[in-house]
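First the structure, in the form of structure tokens, and then the observations on it.
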Amino acid sequence: MRFRIGNKGISFFLLIIFFSILIVFSCKKESDDNFVFNPTPHLFPKPTDWRAIPLDANNPVSEEGIALGRKLFFDPILSSDFTISCASCHKPELSFSDDTRTSKGVDGQLGKRNSMPLINLAWNKKLFWDVRSNTLPEQALIPVPQHDEMNLDWAIATDRLQKDANYPMMFRKAFNEKTITKELVAKAIAQFEMTLISYNSTYDKYVRGEVNPDPAFFRGLEIFRTEKGDCFHCHTLAAVETFADPVRVFTNNGMDLASNANDFLDLGVGKINGLDADKGKFKIPTLRNLAFTAPYMHDGRFATLEDVIESYNLGPKNSPTVDNIMIVKANYRLENYGHYGLALSAQEKADLKYFLLSMSDTSFVNNPDFKKPIE
Amino acid sequence: MKNIIAIFLLSALVFTACKKEVEPVSLNVAFKPTNKGSGVVAGGILKDVDNKNFSLDEFKFYISNIEVTDVKDVKTKINRVVLYDLGVNDYDIFYDIPEGNYKSISFGLGLDTATNNTNPNSVDETDPLSISQGTYWDMLKYRFVVLEGKFDSTVAGNTTPNKPFALHIGTDQMYRTVEVFKPFEITGGKNYVELPFEINELFYSTTDTIRFSEHYSNDSENEVQLDYGNRIMNFFKNAF
């Protein structure tokens with residue numbers, strides 16, 4: 001039996017092959033061979049007189065990385081019961097802090113410390129209240145498996161992301177990697193966090209010569225940067241990105257009385273490095289956006305700025321690790337002026353509060369680029 | 001014969017290739033605080049002028065306008081600011097100084113007015129004048145000398161230092177110039193000059209003494225503090 005194929009038959013046969021190829025290619029996943037890795041570098045703002053942003057050579061920031069990090073930051077997929085995201089405790093409208101003393105993790109478990117605001121993090125050499133992390137990606141690895149935070153094993157987290165409809169391609173675009181790892185998740189979140197830059201407070205505008213603040217601002221500034229208020233030893237105004245001493249980084253600010261270094265309720269830095277000399281010490285926090293970041297201190301003990309100022313006004317409580325300079329100044333005041341604390345008047349306290357609030361940046365908390373992305 | 005010449009040339013080539021890189025000529029200067037003949041270590045027990053215990057946790061000071069003078073009175077200026085930091089930098093290394101015999105080294109203790117007006121955010125992070133060094137306050141500018149530690153406030157003064165002190169000295173008026181006559185030679189490679197000074201000599205002269213118990217807090221903020229600051233800088237100038 002012989003088949004004869006005419007011209008029409010050949011044309012039909014070729015057509016079939018053509019469509020078959022077309023179908024095969026159209027079914028091909030986007031992530032395969034045609035993918036071209038071409039991340040768009042992110043351009044950071046450079047406010048006048050600021051230090052250049054310290055970039056991480058191991059994690060170049062791209063628009064694709066930021067988009068991925070932002071999605072991850074707001075996505076509860078990284079918690080065991082799909083209820084908690086990074087943004088649950090770091091709310092954009094609160095300058096990425098929380099309004100409770102300590103935040104709730106999965107199953108309503110309360111954390112141990114107050115949620116730190118996320119502002120100008122690239123200029124921070126140490127992260128967390130107990131300075132346990134040196135880099136943003138290192139920091140981002142910690143909350144996911146933490147039982148009282150997101151309580152999810154990293155293996156499960158990355159598996160979820162790998163099986164998601166969108167994440168694999170987003171990781172490919174950001175890092176040119178098909179396999180999602182916890183390190184890549186951390187890098188992406190770090191890239192988003194790098195963009196959380198605040199530089200439009202009244203104080204910033206005053207430094208740039210854009211505004212002329214009222215007298216209360218200048219009275220508060222004078223209290224802040226003299227021994228009257230004695231804020232400047234820990235909060236360096238010229239370190240404008242953070243308003244924190246770039247060298248000392250952490251200290252014991254005299255909030256707790258203790259006769260022994262192990263008496264502190266929270267051992268802070270000392271628990272991480274094992275040094276008695278660092279027990280009861282915590283990171284010197286930024287003073288930016290205080291208008292949005294109450295309650296204050298590592299344990300959120302102070303509900304208002306007035307409470308904070310009043311505590312300093314009373315003078316440092318003694319302990320084996322209390323900040324030496326605070327004690328020097330308190331002793332000096334006592335021996336020379338008869339008062340151990342600052343002895344600020346009601347007006348001076350109000351002026352200091354006014355100045356502290358001038359470091360808050362409304363445009364930062366309203367920035368649409370920092371909000372939950374629209375799906 | 002041709003083979004011998006080829007071997008000779010090859011050998012010469014190998015030897016040339018193995019030749020070590022010539023070390024650049026450098027002057028390595030060390031500021032060496034001492035205490036009663038011993039070295040000073042951060043946190044270690046030291047003895048003050050009255051033989052009472054004290055300790056230093058932090059000791060920093062700026063050196064600027066360094067100049068070396070050779071035996072023919074030719075001066076070479078070193079355009080670098082140095083931030084001495086106890087326990088951090090042993091030697092500060094300077095290049096581009098001509099080889100020869102020198103008779104003195106001069107420097108400024110602190111920063112001259114122009115340098116003191118540097119914007120600390122405008123320089124590289126590793127620069128001694130960077131805000132990252134933690135020496136700059138916006139109202140004072142650079143702290144020329146930072147001395148922090150504890151002293152023994154008991155009468156005997158022979159127990160563990162218990163009372164903290166913090167002396168932060170700055171403002172333009174604190175700048176002092178020093179010339180140390182000390183012969184040294186700069187030849188090929190590394191050359192070393194040590195500038196020892198007794199730490200107690202920051203606090204006394206033959207006619208004047210400052211004790212921690214009397215003066216333990218200074219932010220160069222008012223006339224009294226500035227007066228103490230000036231006295232300490234005068235002592236420091238004469239300590240070398």
Side-chain angles (χ1 to χ4, degrees), chain A residues 46-55 122-125 203 206-207 218 221-249 254 277 284 316 318 320-337, chain B residues 42-43 54-58 60 83 85 88 116-143 146-151 153 160-168 170 212-222 224-225 228:
Chain A
K46 173 73 174 78
T48 316
D49 271 0
W50 279 39
R51 286 173 283 171
I53 187 164
L55 296 171
W123 288 273
N124 285 253
K125 287 179 184 159
Y203 181 80
Y206 158 70
V207 170
F218 292 103
L221 170 62
E222 200 55 19
I223 294 165
F224 184 96
R225 64 181 187 179
T226 60
E227 291 178 345
K228 185 90 182 158
D230 200 28
C231 311
F232 65 95
H233 282 111
C234 292
H235 295 287
T236 309
L237 280 177
V240 66
E241 304 86 1
T242 58
F243 298 124
D245 187 316
V247 172
R248 296 170 74 200
V249 182
I284 299 169
N318 218 335
T321 64
V322 65
D323 190 287
N324 274 346
I325 293 178
M326 291 185 79
I327 294 296
V328 166
K329 300 302 164 189
N331 287 339
Y332 184 80
R333 286 190 297 262
L334 187 63
E335 288 173 20
N336 291 276
Y337 311 122
Chain B
F54 76 104
S55 61
L56 281 175
D57 296 327
E58 195 165 347
K60 292 181 180 180
L83 176 60
D85 190 349
V88 175
N116 199 23
N117 279 315
T118 303
N119 176 349
N121 290 320
S122 69
V123 294
D124 188 79
E125 192 171 9
T126 56
D127 193 290
L129 296 172
S130 165
I131 190 74
S132 302
Q133 307 293 347
T135 51
Y136 189 91
W137 290 338
D138 69 303
M139 64 290 186
L140 183 74
K141 298 174 187 168
Y142 291 93
R143 285 178 284 165
V146 175
L147 277 157
E148 292 177 17
K150 286 183 176 173
F151 64 98
S153 62
T160 305
N162 61 331
K163 193 168 179 182
F165 63 88
L167 308 176
H168 304 140
F212 290 123
S213 54
E214 157 206 351
H215 184 65
Y216 56 85
S217 172
N218 193 327
D219 286 324
S220 304
E221 191 170 290
N222 52 47
V224 173
Q225 294 182 2
Y228 273 109

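Values below: every heavy atom of this structure, side chains too, minus hydrogens, waters and symmetry copies. Here is how names work: the chains are called A, B, and so on, in the same order as the sequence lines, proteins then strands, and each is numbered from 1.
Contact record, Asp219(B) with Phe232(A): OD2-CZ, 3.6 Å, taken as the closest heavy-atom pair. Pro164(B) and Ile327(A) get closest at one heavy-atom pair: CG-CG2, 3.7 Å.
Every residue two or more places apart in sequence or in another chain that forms a salt bridge (Lys or Arg N to Asp or Glu O under 4.0 Å) with Asp323(A) is listed here: Arg248(A). Partners of Glu221(B) according to the salt bridge (Lys or Arg N to Asp or Glu O under 4.0 Å) rule, which considers only residues two or more places apart in sequence or in another chain, do not exist here. A search for salt bridge (Lys or Arg N to Asp or Glu O under 4.0 Å) contacts involving Arg225(A) returns Glu222(A), Asp138(B), not counting sequence neighbours.
Of the atoms belonging to Ser132(B), heavy atoms from both backbone and side chain fall under 4.5 Å from chain A. In this structure, chain A has a heavy atom under 4.5 Å from the backbone of Phe165(B), while its side chain stays farther away. Contact annotation for Asn218(B): only backbone heavy atoms (N, CA, C, O) come within less than 4.5 Å of a heavy atom of chain A. Both the backbone and the side chain of Thr226(A) have a heavy atom closer than 4.5 Å to some heavy atom of chain B.
Side-chain contact between Ile325(A) and His168(B) is present, with heavy atoms from C-beta onward closer than 4.5 Å. With contacts defined as side-chain heavy-atom distances shorter than 4.5 Å, the pair Tyr136(B)/Thr236(A) does not qualify.
In terms of heavy-atom pairs under 4.5 angstrom with chain B, the leader among Leu221(A), Val240(A), Leu237(A) is Leu237(A). When each of Asp49(A), Val328(A), Asn336(A) is checked for heavy-atom pairs under 4.5 Å with chain B, Val328(A) comes out on top.
Proximity to chain A at a heavy-atom threshold of 4.5 Å picks out Glu125(B), Ile131(B) from residues 124-131 of chain B, in numerical order.
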